[in-house]
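One structure below.
Counting convention: from 1, in listed order, for ligands and their atoms alike.
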Amino acid sequence: MVHNGWFDAALWKILRQKILDRKDKIDVWYNARGLHLIQDPISKTIKGAQILKTGQKINVFAKKGVILTTGGFENNKEMVQNYLGASKLSPLGSIYNKGDGIKIAQEVGAKLWHMHNYESLGLLHGLSFDTPEGERSELILSFPGLNNGSVFMIADDGKRYFNETESNRHGHIFSHSMWRIPRTNEKPYIIFDQKQYEYIQDNPIPYDQFNEKLVKADTISELAEKIGVSATGLEEQVALFNQEANDGRDVQFGRDSKTMKAFSEGPYYAIKMMYNVLNTQGGPQRNVKAEILNVNDEPIPHLYGAGELGGICANQYQGGGNLAECLIWGKIAGEQAAANESLDETASDKYNGINELVDGNKVDDIELGKDQYLGSSEAGIGGKLVVRVTYSDNAIKKVEVVQDHESEDVGKRALELIPQRIVEKNSVDVDAISGASATSRAIKEAVKDAIENR
Ligand SMILES: Cc1cc2nc3c(=O)[nH]c(=O)nc-3n(C[C@H](O)[C@H](O)[C@H](O)COP(=O)(O)OP(=O)(O)OC[C@H]3O[C@@H](n4cnc5c(N)ncnc54)[C@H](O)[C@@H]3O)c2cc1C
């Protein structure tokens, strides 16, 4: 069995282990940004790549080929605006994917495809609560308080623009017989009345900033003014929604009328939403051999692509297809490159034999004081995570993560908060950090390990 449960990073861990098993043949560099490809000016063959590592530009020679796998462009504001037509999107995944592979491929003459296609995920058709620019948004999958009752979602003109109960298709919205690419607005708000507010307070949404982000007003026009949308538009929309709820038919978008209740007297509430992005699909076009094509549809020799950089989905998205693309095109690209004749050049071996993945598995000398115990777990995403636990009189006094290789952003949040929660509760049975389930689990397991084996 691959998975032991939800969000267990199992696929990643299997692949990671495969690299560790072949560490004598595979080098892994951290903090190494690909800048350019090195291309023969006459034959156009790709002969290597220029990498920026710890401030130094290193030309890495590739005997058989280069495979571009730098992911999407969700954190490149200019590309998001140009290709996706959105002023901003907040990423649910990596905050490091800045579309470098697109620029790198364009430099050597690659043709681009599927640049306008992307997916999102989350509440309603694929939304998160408003998130500051440059930060990851929180993934909350569904919540009845936001689409069942005196509640609806509006765009900038104060009007609804979709059926709020429609099943989530990675952000795509059904319109005129077609699931269309996620649509964005500047001011997407969820609007609801006092009854709905009370329901939500009794059935809290798992988002701790919900109440502090609410905008409240006594009348609909005052609410519209506060959130900066058309007051006439919002008043008309509430009147229409009430009429549709009372008539038992949503003529606008076909929402099940059982989920629609007319708005009562004020006060009224609004909460701002944010369009998020799981990942983009666009990038250099590849053929069935994973070869990247030039603008005349000819393969650029020794250049391959895999993963979501230049994914195969044009307008829609086949659920699960992204990881399949990583595996399938990664395998094809690797096999194709391996079958190439080696380029007849020699390169310096000064930088060979560096594998920072292997270094990350070593446990450094960790000192232990009185009542201190070490525990470890492999449940995280970065290999061995080690904690030092101070435990006495049946109480967890302190938890320190003394070694980890978890992710930089949400992973680090878990490293800070989970130890505090464990000490406060004197138990490992604490809530995980959303988006860092594997890291949270690893810390809990490691603390348990330290206490059980003390
Ligand atoms: C929350 C979430 C849930 C998902 N669920 C699913 C699912 O259930 N099924 C599914 O199929 N897909 C899912 N996806 C999508 C899937 O995870 C991605 O499409 C897939 O991981 C992409 O893999 P990749 O290797 O192509 O790119 P990435 O995993 O994005 O890796 C690209 C890497 O390249 C690095 N990089 C970028 N620029 C450079 C550079 N210049 N030099 C060196 N390195 C660089 C980045 O730092 C990154 O590490 C999900 C995505 C998210 C965010």
Side-chain angles (χ1 to χ4, degrees), residues 2-3 6-13 15-16 19 27-37 48-54 57-58 60 66-76 79 89-107 114 117-122 126 128 136-141 168-171 276-284 286 290 304-313 316-331 333-334 356-357 381-382 405-411 433-438:
V2 175
H3 289 286
W6 280 83
F7 303 125
D8 61 355
L11 176 62
W12 160 247
K13 284 155 87 173
L15 296 174
R16 187 176 177 279
I19 294 176
D27 290 359
V28 178
W29 292 6
Y30 288 165
N31 298 314
R33 185 173 193 171
L35 298 178
H36 308 282
L37 290 166
Q50 187 175 74
I51 310 291
L52 181 67
K53 181 150 178 64
T54 45
K57 287 179 182 167
I58 303 168
V60 177
V66 172
I67 304 170
L68 280 182
T69 60
T70 55
F73 59 86
E74 57 270 29
N75 302 291
N76 182 318
M79 287 189 189
L89 294 173
S90 123
L92 282 170
S94 166
I95 52 170
Y96 305 108
N97 285 0
K98 296 177 189 287
D100 283 8
I102 293 167
K103 288 189 275 183
I104 290 171
Q106 278 182 307
E107 273 185 337
H114 307 155
N117 195 10
Y118 77 104
E119 298 100 55
S120 46
L121 189 67
S128 299
R136 265 192 205 212
S137 57
E138 269 188 47
L139 177 62
I140 302 172
L141 281 175
N168 187 318
R169 303 271 178 122
H170 277 299
N276 66 40
V277 49
L278 257 193
N279 63 280
T280 59
Q281 297 289 346
R286 53 178 178 251
Y304 303 88
E308 68 181 32
L309 175 76
I312 60 171
C313 291
Q316 310 296 331
Y317 169 64
Q318 175 64 50
N322 276 131
L323 290 175
E325 278 204 71
C326 293
L327 299 175
I328 294 166
W329 261 270
K331 183 167 192 289
E356 288 168 310
L357 200 61
I381 63 165
H405 307 279
E406 299 302 296
S407 68
E408 283 294 320
D409 50 353
V410 278
I433 300 296
S434 157
S437 311

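Distance screen at 4.0 Å: atom 6 (C) of ligand 1 has no protein heavy-atom neighbour inside the cut-off. Protein heavy atoms are found inside the 4.0 Å sphere centred on atom 27 (O) of ligand 1. Within 4.0 Å of atom 11 (O) of ligand 1, at least one protein heavy atom is present.
Of the protein's heavy atoms, Gly34 N, 2.8 Å lies nearest to atom 42 (N) of ligand 1. With hydrogens left out, the protein atom closest to atom 41 (N) of ligand 1 is Asp100 OD2, 2.7 Å, a heavy atom. Residue, atom and distance of the protein heavy atom nearest to atom 14 (N) of ligand 1 are Asn279 OD1, 4.3 Å. Summary of contacts: the protein heavy atom closest to atom 39 (C) of ligand 1 is Thr70 CG2, 3.6 Å. Closest protein heavy atom to atom 48 (C) of ligand 1: Asn97 OD1, 3.4 Å. Atom 24 (P) of ligand 1 has as its closest protein heavy atom Cys326 SG, 3.9 Å. The shortest contact between atom 4 (C) of ligand 1 and any protein heavy atom is with Leu278 CD2, 4.2 Å. Counting only heavy atoms of the protein, atom 9 (N) of ligand 1 lies nearest to Gly320 CA, 3.6 Å.
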### Task
Start with the C-alpha gap between Ile102 and Leu309, add the side-chain angles, then the distance that decides, and say whether side chain to side chain contact (heavy atoms under 4.5 Å, CB included) holds.
CA-CA 8 Å; Ile102 293 167; Leu309 175 76; 3.8 Å; yes
### side chain to side chain contact (heavy atoms under 4.5 Å, CB included) assessment of Thr69 paired with Trp329
CA-CA 10 Å; Thr69 60; Trp329 261 270; over 6 Å; no
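The shortest side-chain heavy-atom distance between Leu92 and Ser137 falls under the 4.5 Å cut-off. Looking at Gln281 and Asn279, their side chains come closer than 4.5 Å, going by heavy atoms from C-beta outward. The shortest distance between side-chain heavy atoms of Glu356 and His405 does not fall below 4.5 Å. Side-chain contact check for Leu121 versus Asn168: some heavy-atom pair is nearer than 4.5 Å. Under the 4.5 Å side-chain criterion, counting only non-hydrogen atoms from C-beta, Leu89 is not in contact with Glu74.
Close contacts of ligand 1 with Gly93, meaning ligand atoms under 4.0 Å from a residue heavy atom, involve 53 (C). Atoms of ligand 1 lying under 4.0 Å from at least one heavy atom of Gly321, given by number and element, are 11 (O). Taking every heavy atom of Tyr96 and a limit of under 4.0 angstrom, the matching atoms of ligand 1 come to 47 (O). Against a heavy-atom cut-off of under 4.0 Å, Tyr317 is close to the following atoms of ligand 1: 10 (C), 11 (O), 12 (N). Listed by number with element, the atoms of ligand 1 under 4.0 angstrom from any heavy atom of Gly307 are 26 (O).
Under 4.0 angstrom from ligand 1, there are no non-hydrogen atoms of Leu121. Contact annotation: for Ala32 versus ligand 1, heavy atoms closer than 4.0 Å belong to the backbone alone.
At least one N or O atom of Asn322 sits closer than 3.5 Å to an N or O atom of ligand 1. Distances between N or O atoms of Leu323 and those of ligand 1 include at least one value under 3.5 Å.
From Glu107, atom CD reaches atom CG of Leu37 across 7.5 Å, with rounding to the nearest 0.5 Å. The distance from atom NZ of Lys53 to atom OH of Tyr30, rounded to the nearest 0.5 Å, is 10.0 Å. Expressed to the nearest 0.5 Å, how far CG of Leu52 lies from CD1 of Ile58 amounts to 8.5 Å. With rounding to the nearest 0.5 Å, the separation of CZ in Arg169 from CD in Glu119 is 13.5 Å.
Shown here for Ser90 and Arg136, the closest heavy-atom pair between the two residues is OG-C, 4.4 Å.
Put simply, no part of Gly319 is less than 4.0 Å from ligand 1, judged by heavy atoms.
Considering only non-hydrogen atoms, atom 20 (C) of ligand 1 lies nearest to Glu308 out of Lys98, Glu308, Glu74.
Judged purely by atom type and a 3.5 angstrom limit, Ser128 uses its side chain to pair as donor or acceptor with the backbone of Glu138.
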